[in-house]
**Q** 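Please read through the structure below; I'll follow up with questions.
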Amino acid sequence: MRVEPATANEPQSFIYRLPSILERIDLTRLFLTPGRLEIELGSGDGSFLVEYAAQHPQRNFIGVERLLGRIRKMDRKARRNGLTNLWGVRIESTYFLEYLLPRHSAAAIHLYFPDPWPKRRHQRHRLVNARFPALASEALEPGGIVYLRTDDAEYFDQMNSVFRASSIFEPTTTPTELAANLTDFEREFQAKGVSTLRAAYAMRAA
């Protein structure tokens with residue numbers, strides 16, 4: 001039976017109510033069946049994650065999203081699909097990686113179409129910055145992979161630059177099956193003829 005962190009009087013929800021923002025999540029409370037854990041940072045309305053979780057019932061998934069309206073949409077989609085291997089966490093992605101996710105627990109991190117903060121004075125707010133590879137390496141298990149997508153060419157160059165500058169990661173490929181699963185933003189962009197830029201980086205063998 002699925003463990004429900006919310007109170008017994010509330011309906012089934014896929015939004016995990018954090019018991020603390022100062023302690024790392026106990027994954028055994030979320031997933032009764034052990035399995036490969038994958039994280040999506042900025043999961044939006046869950047278009048990608050719900051479909052991908054439904055395709056891989058033997059894996060476990062956490063979607064991290066700051067905006068309440070978006071994570072509620074993901075929750076509704078997960079309910080309609082009757083998933084048992086997905087949870088949403090409403091919090092900032094960087095904080096989740098650094099302080100809440102157990103270290104070296106994820107096999108993959110998916111980061112798709114993060115806010116590019118195009119104005120130069122705002123680019124310090126970008127999620128993928130010089131510090132991000134180190135944060136990702138603390139979250140990933142050995143051999144773990146970061147999958148990246150964006151429509152912004154300048155931000156894409158920055159993503160590649162910071163990962164190539166890291167001695168922890170090396171380039172790898174995005175599986176065709178994974179690339180075929182689209183986010184809500186990606187569907188909109190493709191309808192307008194905007195191409196998706198993809199990259200993937202795996203942790204180097206020790």
**Q** Rounded to the nearest 0.5 Å, what separation is found between the CG atom of D157 and the CG atom of D152?
**A**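 Taking CG in D157 and CG in D152, the distance rounds to 9.0 Å.
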**Q** For residues A130 and P133, report the shortest heavy-atom separation together with the two atoms involved.
**A**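 Scanning both residues completely, I find the closest heavy atoms to be O-CD, 3.6 Å.
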**Q** Name the residue from L135, I39, I25 that meets the side chain to side chain contact (heavy atoms under 4.5 Å, CB included) definition with L101.
**A**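 For L101, the side chain to side chain contact (heavy atoms under 4.5 Å, CB included) test succeeds with only one of L135, I39, I25, which is I39.
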**Q** Indicate the atoms forming the closest heavy-atom contact of A199 with T174, along with that distance.
**A**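 Answer, listing the atom of A199 first, then T174: O-OG1, 4.1 Å.
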**Q** Are L27 and I62 packed together at the side-chain level, in the sense that at least one heavy-atom pair is separated by less than 4.5 angstrom?
**A**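 L27 reaches I62 side chain to side chain.
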**Q** State whether the side chain of Q158 and the backbone N or O of V128 hold a donor-acceptor pair below 3.5 Å, judged by distance alone.
**A**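 Checking the backbone N and O of V128 against the side chain of Q158, a donor-acceptor pair under 3.5 Å is found.
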**Q** Are the side chain of S137 and the backbone of A134 linked by a donor-acceptor contact shorter than 3.5 Å?
**A**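 The answer is yes, because a donor-acceptor pair under 3.5 Å joins these two groups.
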**Q** Does N60 use its side chain to pair, donor to acceptor, with the backbone of F31 at less than 3.5 Å?
**A**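 No, N60 side chain to F31 backbone: no donor-acceptor pair under 3.5 Å.
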**Q** Begin from the C-alpha positions of R79 and F14 and carry the test side chain to side chain contact (heavy atoms under 4.5 Å, CB included) through to its verdict.
**A** CA-CA 7 Å; R79 294 187 199 200; F14 290 85; 3.6 Å; yes
**Q** Kindly check if the number of other-residue, nucleotide or ligand heavy atoms within 6.0 Å of CZ (R36) is above 12?
**A**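 For R36, atom CZ is crowded (more than 12 foreign heavy atoms under 6.0 Å).
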**Q** Which value, rounded to the nearest 0.5 Å, describes the distance between T172 atom OG1 and R204 atom CZ?
**A**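 Atom-to-atom, T172:OG1 and R204:CZ are 11.5 Å apart.
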**Q** Charged N to carboxylate O below 4.0 Å: is that the case for R29 and E23?
**A**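 No, R29 and E23 are not salt-bridged.
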**Q** Give a yes or no on whether R198 atom CZ has more than 12 heavy-atom contacts from other residues, nucleotides or ligands under 6.0 Å away.
**A**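 More than 12 heavy atoms, drawn from other residues, nucleotides or ligands, come within 6.0 Å of this atom.
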**Q** Checking the side chain of N81 only, and the main-chain atoms of L83 only, is there a donor and an acceptor separated by less than 3.5 Å?
**A**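 Between the backbone of L83 and the side chain of N81 there is no qualifying donor-acceptor contact (under 3.5 Å).
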**Q** If two hydrophobic side chains count as joined below 4.5 Å and joins carry through other members, does L182 share a cluster with V50?
**A**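 No; tracing contacts between hydrophobic side chains, which count when under 4.5 Å, never links both residues.
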**Q** Tell me, with the steps shown, if E51 and R187 meet salt bridge (Lys or Arg N to Asp or Glu O under 4.0 Å).
**A** CA-CA 14 Å; E51 180 178 353; R187 289 191 176 96; 3.4 Å; yes
**Q** Is any side-chain heavy atom of T196 closer than 4.5 Å to one of F189?
**A**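 No, side chains not in contact.
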**Q** Should Y99 and L140 be regarded as members of a common hydrophobic cluster, given that ILVMFWY residues are connected when their side-chain heavy atoms come within less than 4.5 Å of each other, either directly or indirectly?
**A**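 Both belong to a single hydrophobic cluster.
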**Q** Less than 4.5 Å apart, side chain to side chain, heavy atoms only: is that true for S93 and L127?
**A**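 SC-SC contact between S93 and L127 confirmed.
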**Q** If you round to the nearest 0.5 Å, how far is CZ of F96 from CD1 of I91?
**A**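 Result: 8.5 Å between the selected atoms.
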**Q** For the CG atom of L111 and the CE atom of M159, what is their distance to the nearest 0.5 Å?
**A**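 Rounded to the nearest 0.5 Å, the CG-CE separation comes to 5.5 Å.
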**Q** Looking at E177, is its backbone amide N or carbonyl O close enough to the side chain of N181 to form a donor-acceptor pair, meaning the two atoms are under 3.5 Å apart?
**A**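 Side chain of N181 to backbone of E177: a pair is present.
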**Q** So, the side chain of T173 versus the backbone of P175: is there a donor-acceptor pair under 3.5 Å, distance only?
**A**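 No.
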**Q** To the nearest 0.5 Å, what is the distance between CG (L49) and CG (L86)?
**A**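 Taking CG in L49 and CG in L86, the distance rounds to 4.5 Å.
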**Q** Once you measure the plane-to-plane angle for F169 and F163, does it fall in the parallel (<30°), tilted (30-60°) or perpendicular (>60°) bin?
**A**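 It falls in the perpendicular class, over 60°.
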**Q** Report yes if some heavy atom in the side chain of H110 is under 4.5 Å from a heavy atom in the side chain of F48; otherwise report no.
**A**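 Touching, per the 4.5 Å side-chain cut-off.
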**Q** Membership question, hydrophobic clusters at under 4.5 Å side-chain separation (ILVMFWY): are L97 and L67 in the same one?
**A**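 No, it is not one cluster - the side chains of L67 and L97 are not joined through contacts under 4.5 Å.
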**Q** Taking E98 first and then R24, would you say they form a salt bridge - that is, a charged N and a carboxylate O separated by under 4.0 Å?
**A**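 R24 and E98: not salt-bridged.
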**Q** Tell me the closest heavy-atom pair linking S47 and K77, and the distance in Å.
**A**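 Between these two residues, the closest heavy atoms are OG-NZ, 3.0 Å.
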**Q** Would you give the length of the straight line joining atom OH of Y155 to atom CG of L197, rounded to the nearest 0.5 angstrom?
**A**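 Answer for the OH-CG pair, Y155 versus L197, is 13.0 Å.
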**Q** List the atom of E141, the atom of A107, and the distance in Å for their closest heavy-atom pair.
**A**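 Minimum heavy-atom contact is OE2-CB, 3.5 Å.
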**Q** To check you understand the geometry: which heavy-atom pair defines the closest contact between N85 and A53, and what is its length?
**A**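 Where N85 meets A53 most closely, the heavy atoms are ND2-O, 3.1 Å.
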**Q** Could you tell me if the ring centre of Y52 sits under 6.0 Å from that of F61?
**A**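 When the ring centroids of Y52 and F61 are compared, they turn out to be within the sub-6.0 Å range.
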**Q** Salt bridge between R90 and E65, side-chain N to carboxylate O under 4.0 Å?
**A**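 A salt bridge is absent here (no side-chain N lies under 4.0 Å from a carboxylate O).
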**Q** With side chains defined as the heavy atoms from C-beta onward, is the minimum distance between E92 and T94 less than 4.5 Å?
**A**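 Counting from C-beta outward, E92 and T94 never come under 4.5 Å.
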**Q** Should D115 and R126 count as an ion pair when the cut-off is N to O under 4.0 Å?
**A**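 No, no charged N to carboxylate O under 4.0 Å.
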**Q** Grab the two heavy atoms, one from F113 and one from T150, that are nearest each other, plus how far apart they are.
**A**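 Heavy-atom minimum between the residues: CE2-C, 3.6 Å.
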**Q** Tell me whether S43 contacts the main-chain N or O of E40 through its side chain, where contact means a donor paired with an acceptor under 3.5 Å.
**A**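 No: the side chain of S43 does not pair with the backbone of E40.
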**Q** Measure centre to centre between the rings of Y201 and Y147, then say whether the value is under 6.0 Å.
**A**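 When the ring centroids of Y201 and Y147 are compared, they turn out to be at least 6.0 Å apart.
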